[in-house]
K.L.:
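First the structure, which I've put down as C-alpha cells, then a few questions once you've had a look.
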Amino acid sequence: MTTLHNTSTHSRPIPNPSKSLITKLNMGTGLVVGVIFAFAAYYTFRPNADTADFYNQQNKALLAAMLFWSVGFLIGIGAFIGPFRWLIGKDLTAEEQLYLAGDGQGIKRYFKYCTDHKVVGIQYLVGVMAMLAVGGGMAMMIRTSLAVPGGHFIGASVYNSLVGMHGITMIVAMIIVATGPFGNYIMPIMIGARDMAFPRLNALSWWILFTAIPVLCSAWFLGGIPTGWTAYAPLSVQAGPGMNAFIATILIFAVSTAVAGMNITSTVVAMRAKGMKWNRVPIFVIGSTLSVALAIPAFPTFMLAMIQTTTDRVFNTGFYDANVGGSGWLYAHLFWIMGHPEVYVILLPGIAILMEIAPVFVRKPLFSYNAAIMGFVGIAGLSVLVWAHHMYISGWTPTLNGPFMVTTEMISVPTGLLFLVMLGTIWRGKPWMKLPMLGLFAVIWNFLIGGITGIYLSDVPADNYLHGSMFVTAHFHYTLMGAALTGAVAGLAYWFPKMTGRMLNEPAGYIAFWFTQIGFQVLFLGMFIAGAEGQPRRVVSFAAMYKYSNMISTGGAYLIGIGFIILLWAVIHSWRKGDIAPQNPWGAKTLEWTVPYPVPLENFDETPIITSDPYGYGKGI
Amino acid sequence: MSSDTASHTEFHIHHDAPAVVGRRERLGVRLLIVADGAFVVGMIFSYFYLRGLNANNSWVPKGGHTLAASTGWVVAAPLIAAAIVHKIGVKSRSAATSGFVLLAMLVGGYLQWRQLAHMPFVAVDEGGRHFFEGAYASNWVVLAGANMFHYVIGTFLALGLFIRGFRAKVDPTLEYWRQLTASSWFTWIAIAGALCAITTSIV
C-alpha cells in the first residue's frame, strides 16, 4: 500500500473552551441529574393507594421514573448541548467540537460524552463484556438449579426471573457484541473515514444504552420479570412492577439501536475513502452494515409492542385483552416481526468477522466475494418473511403455516452460500492456526448444527412436537452463542492488538477456547437430547427421566464458565501487561492495519485512495 | 487493499463542505424516517388486525363512541400545510416561511393535545377503574400519541429554523442544506399524519 501526503492542511485549534459548560459535565453529573429526574418523576406521578387505579398509577410512576432517569442522565452528561445550541442559533465552536472528541483528555474521556468513535468502541467493548459476564452468571445459576430433578437451588419465581433476565441481557449484549465495539472502533478506519457520519449521535447511542443497564437491573428490586425475554401478552400486562423495568429497557434500547444503525449505515454509504467502490468494501463492513440496516425497520415494531403493553398496563387500553377487543396474537406478530430479523442482526456480523479473518490467516483471497454478498442480502431479505414460524402452534391461521415453512426453509439457501464462502476460502489453504482462526473452525461446526436443527424447527409437523422444548433452547444457543458470539470473540482476538496496542495472551486464549467449545458441545448436545425426549423449556422442575442429560448439560455449563473466566482474565491481563503489538501483526491488507496505535484522532494523517480489493493475497503462505 | 496518491483536498468531518454534510444528514434523517415508518406501519397493522378480528365484538366501543372521520384530518391538515409551505420556502431559498411552519406546528400540536384530552371513550367500571372501551379506542389513542410525538419533533425543528432565521445569525442561502434536511422530516410527518387520518377514517 502506498499513500501520499494529504495536500490539505487542516489546522487544529488547541481545545481550550474553558468557559463552556461542556468541560464541566461527565458521567458523575449525569448520574446526579438522572437520579434527581427519576425521583422528581416518581414524586410527580406517585400512586395513590386509596384509588381503584393504584396498580396503573404505580406502573405509570415507575415507568416515568425510569424514562426520566434516562433523559436526566443524558442532560447531565451534556448530550443535549449540541441540539440546544443549534436551536438557539449558537452552534458549537470548532474548539468545543474538538474538546468533545476527547483530544488530550486521557482516560477521562471514557467517562464523558466523547464523540471519538474509538472511545465509543472501547465503551461498547467494556459494556458488552460486563453484560455478558452478568448474563453468563445468571446462566450458571439456571444450570445449577437444573443439575438435578427438583433442584431447589433457587425458588421458582426467582428461576422465572432469571430465565427472563438472562435472556434479555444476552439478547441486548449479542445485538451489540460485534457492531458496538468493532463497528464503532474498526469500521470507520476500515473504510478510510476520519470519523463516523454523526459523531455526537455516536456517543448518544452508547450513553442511551448505558442508561438502560441500571433500569434493567432494577427489575430485581421490583419483583423480577415472570415472562421470559419474549414478554408475551397478556402475561406481561398482568405482571408485577418489575415488568416496567423490562419495558423501559426495551424502549431505551430501541432508540439506541435506531440511532446506532442509522449512524453506521450513513457512515458506510457516505464516507468511504475514494476508490472504495462497493466491490472493494471489506466483507465485515458489508455484513455489519446489512445487520444494522436490518435492525432499523425491525426494532420499532418491538418498541410499538412495548408501548401497547405500557398503555394496557397504565391506561387500561385493550390491545391484548380479548374482553375489550384485543388479542395476544397481535403481540406475537409485532414481537416476531422484530424477533426473527433480530436473529440475523446478531448473526451476520459474527459471520462477517470470520470471513474477514479467513483470507488473512489462509493467505488466500476471499472465495467468491459476490456469493458472500448474495448470502448476506438473501438472509436479510428473507428474514422479514418468516416471523410466523414462531407461531405455528398458536392457532393463528393454520393455512399460512405452509407458506411460512417454505420461506423459513428457503433461508437455508443463502446460509449455504455463507458456508460455501468460508469453506472455499480455507479449501486447500495452509491455515495459520492463531486464536482468531480457531474461531472460524468452531463456528463452521456450531453454525452447521444450529442451522440444521433450525430446519427441523421450521418444519410444521416436527415443530408441533419440538416447540417449547429444550430442543429449541439448544438450537438458538448453537446459532447465537456457538456462531455469533464465537465469531465476535474471534474478532476480539483479531482486532485486540489494534484496539489496545497489545497482543492477547495466546496460551490463555487457547485454554479458554477449548474449555468453552468443549463445554458448549457438552451443554447443548445434552440439551438437544433432553428436548428431543420432551423436556419443556422455562420449567424449574423436571421429571427424573431427564436427569442424566441435565446433569451432563450442567457439567458443560461449568466448563464454559471456567473458559470465559480464563478469557476475561486474558483480556484484562493482556490489556494491562500484554506484549506490545506491532502495527500489523497478522500481515492483513485492510486499512485499519495501516494506522499506528494509538490511532490518531482523525485516523489518517494521509488520505488513502483505494485501488484494489482488500483480499489480494497470493496462494499459500 | 492497495491505495494510491491523495492529491485532492480533504477536510475533517467538522470542516466538510455544507453540501457534503447536508447530503450525509439527509441520508441519516431518511434512515430515521425508515425506523419511524416501520413504527407507523406497525400501528396501522395493529388497527386493521384488531378491527378484522373484532374479538368479542368489541372493536367499536360499547357506547358507540367513535370519532368522526374528519377528526384525523383536522390534525393532519397543519402537518400537510407546514410541509407544503416549508417546501416552497426551500425552493425559493427563503427563511421567511419558517414562521408559518412554526405556527402550523404549534396549532396542530394544540389540536392534537385537545383531542387527546377530550377522548369520548374512557369509561369507569364498577370499581372506579378507568379503562378504554374497545380496541378501536386503544388504537386511536396510540395513533394520536404518535402524531403528537411528530408534532413535538416538528416544533423543535421549526423553532430552531425560525430562531436561526430571526437572529439573522445565518444566511438562509448558506443554511439551504439544513432546510433540505428538515424538509425530509416535514414531508414524512405530513405523510404519516395523512396515513393515520386515512386509517382512523375507516371505523
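Here is how names work: the chains are called A, B, and so on, in the same order as the sequence lines, proteins then strands, and each is numbered from 1.
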K.L.:
Please determine whether the number of non-hydrogen atoms from other residues, nucleotides or ligands lying under 6.0 Å from atom OH of B:Tyr49 exceeds 12.
P.N.:
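Yes - once you tally the heavy atoms of other residues, nucleotides and ligands closer than 6.0 Å, there are more than 12.
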
K.L.:
Just verifying a value: how many Å separate B:Ile33 CD1 and A:Ile296 CD1, rounded to the nearest 0.5 Å?
P.N.:
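One gets 12.0 Å once the value is rounded to the nearest 0.5 Å.
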
K.L.:
For the candidates B:Ala55, B:Ser138, B:Ala135, which exhibits the highest count of non-hydrogen atom pairs separated by less than 4.5 Å from chain A?
P.N.:
B:Ser138

K.L.:
Could you pull out the closest heavy-atom pair between B:Ser46 and A:Gln308, with the gap in Å?
P.N.:
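Minimum heavy-atom separation between B:Ser46 and A:Gln308: OG-NE2, 3.1 Å.
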
K.L.:
Do the side chains of B:Leu31 and A:Ser266 get nearer than 4.5 Å, heavy atoms only?
P.N.:
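Side chain of A:Ser266 against side chain of B:Leu31, heavy atoms only: contact under 4.5 Å found.
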
K.L.:
Say you draw a straight line from CZ of B:Phe131 to CG of A:Asp321; how long is it, rounded to the nearest 0.5 Å?
P.N.:
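So the CZ of B:Phe131 and the CG of A:Asp321 are separated by 10.0 Å.
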
K.L.:
Below 4.5 Å from any heavy atom of chain A, which atoms of B:Val141 appear? Answer side chain, backbone, both or neither.
P.N.:
side chain

K.L.:
Strictly distance-based, threshold 3.5 Å: is any side-chain N or O of B:Arg164 a donor or acceptor partner for the main-chain N or O of A:Trp86?
P.N.:
yes

K.L.:
Is the closest side-chain heavy-atom distance between A:Leu334 and B:Phe45 below 4.5 Å?
P.N.:
yes

K.L.:
Please confirm whether the backbone N or O of B:His130 pairs with a side-chain atom of A:Asn316, one donor and one acceptor, at under 3.5 Å?
P.N.:
yes

K.L.:
To the nearest 0.5 Å, what is the distance between OG1 on A:Thr317 and CZ on B:Phe132?
P.N.:
6.5 Å

K.L.:
Are A:Phe319 and B:Leu50 close enough, and set up right, to give a side-chain contact (heavy atoms from CB on, under 4.5 Å), and what steps lead you there?
P.N.:
CA-CA 8 Å; A:Phe319 285 103; B:Leu50 293 183; 4.1 Å; yes

K.L.:
Minimum heavy-atom separation for A:Ala258 and B:Leu32, please, with both atom names.
P.N.:
O-CD2, 4.1 Å

K.L.:
Need one label for B:Asn139: side chain, backbone, both or neither, based on atoms under 4.5 Å from any heavy atom in chain A.
P.N.:
both

K.L.:
Can you tell me which of A:Asn56, A:Ile307, A:Val269, A:Asp53 forms the most heavy-atom pairs within a distance under 4.5 Å of chain B?
P.N.:
A:Asp53

K.L.:
I'd like to know which of B:Ala35, B:Pro61, B:Ala38, B:Gly42 tops the heavy-atom pair count under 4.5 Å against chain A.
P.N.:
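Top option by heavy-atom pairs under 4.5 Å: B:Ala35.
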
K.L.:
Check this for me: A:Phe84, atom CZ, are more than 12 non-hydrogen atoms of other residues, nucleotides or ligands nearer than 6.0 Å?
P.N.:
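Not buried by this count: 12 neighbours or fewer within 6.0 Å.
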
K.L.:
Is it the side chain or the backbone of B:Glu25 that comes within 4.5 Å of chain A heavy atoms, both, or neither?
P.N.:
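Both backbone and side chain of B:Glu25 come within 4.5 Å of chain A.
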
K.L.:
With a 4.5 angstrom heavy-atom cut-off, which part of B:Leu53 approaches chain A: side chain, backbone, both or neither?
P.N.:
side chain

K.L.:
Taking C-beta and beyond as the side chain, do A:Val324 and B:Glu133 meet within less than 4.5 Å on heavy atoms?
P.N.:
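No - every pair of side-chain heavy atoms lies 4.5 Å or more apart.
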
K.L.:
Report which part of B:Phe156 has an atom under 4.5 Å of a heavy atom belonging to chain A: side chain, backbone, both, or neither.
P.N.:
both

K.L.:
Between A:Asp195 and B:Arg24, does a salt bridge (Lys or Arg N to Asp or Glu O under 4.0 Å) hold up when you go through it step by step?
P.N.:
CA-CA 13 Å; A:Asp195 204 335; B:Arg24 199 180 297 152; over 6 Å; no

